[in-house]
S.K.: 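Quick one: the structure is below, and I'll ask about it shortly.
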Amino acid sequence: MSVSPVRVRFAPSPTGYLHFGGARTALFNWLIARKTAGGKFILRIEDTDRSRHVEDSLPKILSDLRWLGLIWDEGPEAGEDLGPYYQSERLDLYKKYAQQLLDAGRAYYALETPEELAAMREQARKEKGEYRYRRPIPLPTAEQAQQAREAGKAVVVRFMMPNEAVTTTDDILGPVTLAAEELEDFIIQKGDGWPTYHLACVVDDALMGITHVLRGQEHLMNTAKHIALQRALGFETPRYAHLPIIFNMNGSKMSKRDKEKAIKKGETPPEIDVHDFRVAGYLPEALLNFISLLGWSTGDDTEQLTLEETVARFEVGGIGKSNAKFDRDKLLAFNTGWASRVSPERLLEAFKDFLVLNDLPMRSLDDATLGHVLRLCTGFRTFRDVQAKAGALFVPDDAIEYNAKAVKKVLRKKEGQGFAMLEAVLPRLEALTDWTTEQLERCITGLCDEQGRKLGDVAQPIRVAVSGSTVSPAIYDTLVLLGRAGTLNRIRHAITLKEQE
RNA sequence: GGCCCCAUCGUCUAGAGGCCUAGGACACCGGCUUUUCACGCCGGCAACACGGGUUCGAAUCCCGUUGGGGUCACCA
């Protein structure tokens with residue numbers, strides 16, 4: 001039995017935020033590390049593309065990873081045994097290995113410009129032929145490369161892809177044979193001297209002692225390149241496992257584009273990045289639980305799992321091979337369940353994160369009130385529902401917005417029956433000595449009895465009057481939460497709406 | 001198009017030759033509960049892509065077809 005400790009990594013690129021699919025990759029890697037004694041989860045930042053760098057990307061990725069609870073053992077702001085963990089700080093390493101390949105005749109300088117390459121591809125496409133970079137004969141010499149550089153031309157380094165098939169046993173897919181002869185001599189060092197993903201990834205995986213690479217299936221073809229590179233460099237090949245891909249319900253890829261499209265159409269943008277779910281009021285517990293079940297299952301019917309339980313039951317062998325579609329309704333159901341299961345303290349903590357992130361008025365409430373609000377909203381699906389249900393109670397009285405449809409339907413309809421109810425109930429509320437749910441209930445049900453009305457006939461107009469909408473916590477709780485002054489204020493104001501059209 | 005991967009209810013999946021009359025969850029439909037919105041409870045609908053083998057026996061193994069997906073960048 002090998003005793004070498006498991007070392008896995010999650011390697012995001014700061015060109016965007018933590019994607020839903022990326023979160024699953026991070027989670028599964030984290031799980032592998034947590035499952036084994038001494039296992040290490042490493043966070044490596046693949047910032048080798050300077051042109052696509054996004055400024056706030058990295059802090060957000062770190063923050064969201066932490067929000068999920070996927071804490072890394074090595075990486076930025078953590079232990080740095082085999083760092084640095086930013087590829088931009090490891091440039092000399094990549095240069096050294098590129099040179100090693102050059103010296104060994106396993107790589108060569110290539111002089112074509114991106115424009116020339118693009119033209120060749122275009123040409124091939126026109127002639128409906130397939131394009132593949134063809135190794136120049138003879139190969140450009142180091143002198144020629146030097147001359148080109150002096151002439152201001154960028155020179156790249158290409159790896160000589162061996163003409164043999166690469167076979168590997170994927171921990172998820174099983175034996176896979178990749179025809180390397182299909183692959184061209186790919187670039188390992190760009191014109192600006194920076195490494196491409198392939199070189200940087202292979203070098204770092206080796207130097208950082210990565211034992212297992214768990215990544216999306218879109219990387220499957222890259223594995224042939226990486227194994228070839230490892231062999232040429234004399235590195236050991238880690239174990240590979242390729243995760244099925246996650247799609248939208250309509251089969252399209254989940255991308256930030258979906259958000260832009262929705263915004264353009266005036267719709268609510270779908271959550272794509274972890275941050276979106278966080279802002280939308282989801283619990284990390286629910287997101288993690290749901291995400292873990294996309295491609296993996298316990299083998300029995302268990303679906304509700306805490307992170308700890310997932311650690312205990314997770315196995316790479318339990319990961320399926322087929323792609324999955326992301327069912328948002330199911331995530332919502334998971335969140336509803338988790339919201340009613342976690343402890344009040346935990347729920348409060350998560351709720352506050354939501355309020356601060358969204359900069360909502362309720363953020364300035366004290367914990368006791370917030371906890372009370374949460375209890376009154378029991379059954380909510382996301383924190384956004386809590387905001388929709390109780391948010392209006394915590395804005396200034398003159399800041400509530402009356403929903404036109406609600407006013408029309410509940411107050412104005414039936415010859416202003418709703419307004420009449422408000423007028424009838426107002427003096428009774430004004431006369432109340434104690435502002436408690438008991439007193440309020442006695443007061444309002446009393447009015448119902450006298451007028452032969454159903455509770456809803458009185459409660460709904462009051463609800464609309466004080467919240468501006470047809471939705472709020474139970475009516476007596478709502479009024480207590482609002483307080484006597486606020487309630488009376490708002491009802492008086494709502495009555496004035498009668499004269500407006 | 002070449003290469004590669006995949007294939008059970010609408011969706012996520014259980015199932016590793018007889019335990020399958022194919023199980024669970026979400027969604028959906030119906031009912032109950034109800035002062036709003038939710039929640040909750042009860043019930044129902046719903047799948048082994050197709051065709052060949054192998055076998056006493058196939059959702060499970062093999063081959064083919066079809067379908068879906070990935071990849072073919074000086075992006076990761």
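Owing to the predicted nature of the structure, the values given are computational and were not obtained by experimental measurement. Note on naming: letters A, B, ... go to the chains in the order of the sequence lines (proteins, then strands), and numbering restarts at 1 for each one. Atom set for the values below is all heavy atoms of this structure, side chains included, hydrogens, waters and symmetry mates excluded.
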S.K.: For A:Leu65 and A:Phe10, what are the C-alpha separation, side-chain angles and deciding distance, and is it a side-chain contact (heavy atoms from CB on, under 4.5 Å)?
M.R.: CA-CA 11 Å; A:Leu65 237 22; A:Phe10 178 59; 4.3 Å; yes

S.K.: Measuring from atom CG of A:Leu455 to atom CG of A:Asp449, what distance do you get when rounded to the nearest 0.5 angstrom?
M.R.: 10.0 Å

S.K.: Between B:C48 and B:U60, how far apart are the P atoms? Round to whole Å, please.
M.R.: 12 Å

S.K.: Rounded to whole Å, please give me the gap between CH2 in A:Trp296 and P in B:U13.
M.R.: 12 Å

S.K.: Heavy atoms within less than 4.0 Å of RNA chain B: which residues of residues 45-57 of chain A have one? Give them sorted by number.
M.R.: A:Glu46, A:Thr48, A:Asp49, A:Arg52

S.K.: Name the closest nucleotide to the A:Met249 side chain, picking from B:C6, B:A73, B:U11.
M.R.: B:U11

S.K.: Between B:A14 atom P and A:Leu293 atom CG, what is the distance in whole Å?
M.R.: 10 Å

S.K.: List, with names and distances, any nitrogen or oxygen atoms from the protein found under 3.5 Å away from nitrogen or oxygen atoms belonging to nucleotides 44-47 of chain B.
M.R.:
none

S.K.: Taking the P atom in each of B:C6 and B:A25, what is the distance between them to the nearest angstrom?
M.R.: 30 Å

S.K.: Kindly point out which of B:G70, B:C6, B:C74 is positioned nearest to the side chain of A:Arg121?
M.R.: B:C74

S.K.: Taking atom C1' in both B:U13 and B:A46, what distance in whole Å separates the two?
M.R.: 15 Å

S.K.: Sequence neighbours left out, what passes salt bridge (Lys or Arg N to Asp or Glu O under 4.0 Å) with A:Asp185? Give chain and number order.
M.R.: A:Arg135

S.K.: Between A:Leu18 (CG) and B:A76 (C1'), how many Å, whole number?
M.R.: 15 Å

S.K.: Check salt bridge (Lys or Arg N to Asp or Glu O under 4.0 Å) between A:Asp273 and all other residues, then give those that pass, not counting sequence neighbours.
M.R.: A:Lys259

S.K.: Look at the rings of A:Tyr133 and A:Tyr108 and say which category their plane angle falls in: under 30° parallel, 30 to 60° tilted, over 60° perpendicular.
M.R.: parallel

S.K.: Would you call A:Glu450-A:Arg428 a salt bridge at under 4.0 Å N-O?
M.R.: yes

S.K.: May I ask you to decide whether A:Asp477 forms a salt bridge with A:Arg375, counting only side-chain N to carboxylate O separations under 4.0 Å?
M.R.: no

S.K.: Say we look at B:G17 and B:U54: how far apart would their C1' atoms be, to the nearest angstrom?
M.R.: 11 Å

S.K.: Taking the side chain as every heavy atom from C-beta outward, state whether A:Ile319 and A:Phe28 have any atom pair closer than 4.5 Å.
M.R.: yes

S.K.: In whole angstrom, give the distance that lies between atom CG of A:Leu305 and atom P of B:U13.
M.R.: 15 Å

S.K.: Please work out whether the ring planes of A:Phe326 and A:Phe20 are parallel, tilted or perpendicular, with thresholds of 30° and 60°.
M.R.: parallel

S.K.: Measure NZ/A:Lys225 against P/B:C75 and give the value in whole Å, please.
M.R.: 12 Å

S.K.: Distance from A:Arg44 atom CZ to A:Met208 atom CE, nearest 0.5 Å?
M.R.: 5.5 Å

S.K.: Could you give the CG-to-C1' distance, from A:Leu178 to B:C72, as a whole number of Å?
M.R.: 12 Å

S.K.: Within the pair A:Thr196 and B:C74, is there a side-chain N or O less than 4.0 Å away from OP1 or OP2?
M.R.: no

S.K.: Over how many whole Å does the gap from A:Lys325 atom NZ to B:U13 atom P extend?
M.R.: 11 Å

S.K.: Listing request: all salt bridge (Lys or Arg N to Asp or Glu O under 4.0 Å) pairs with a residue in residues 316-333 of chain A, at least two apart in sequence or in separate chains.
M.R.: A:Glu271-A:Arg328, A:Glu303-A:Lys330

S.K.: Can you give one letter per nucleotide of nucleotides 17-39 of chain B, 5' to 3': B if a protein heavy atom sits under 4.0 Å from the base, S if only from the sugar-phosphate, - if neither?
M.R.: ------BBBBS-------BBBBS

S.K.: If we take the C1' atom in both B:A14 and B:A47, what is their distance in whole Å?
M.R.: 13 Å

S.K.: Between atom CG in A:Leu173 and atom C1' in B:A7, what is the gap in whole Å?
M.R.: 14 Å

S.K.: State whether A:Arg341 and A:Glu285 are salt-bridged, where the test is any N-O pair (Lys NZ or Arg NE/NH1/NH2 against Asp/Glu carboxylate O) under 4.0 Å.
M.R.: no

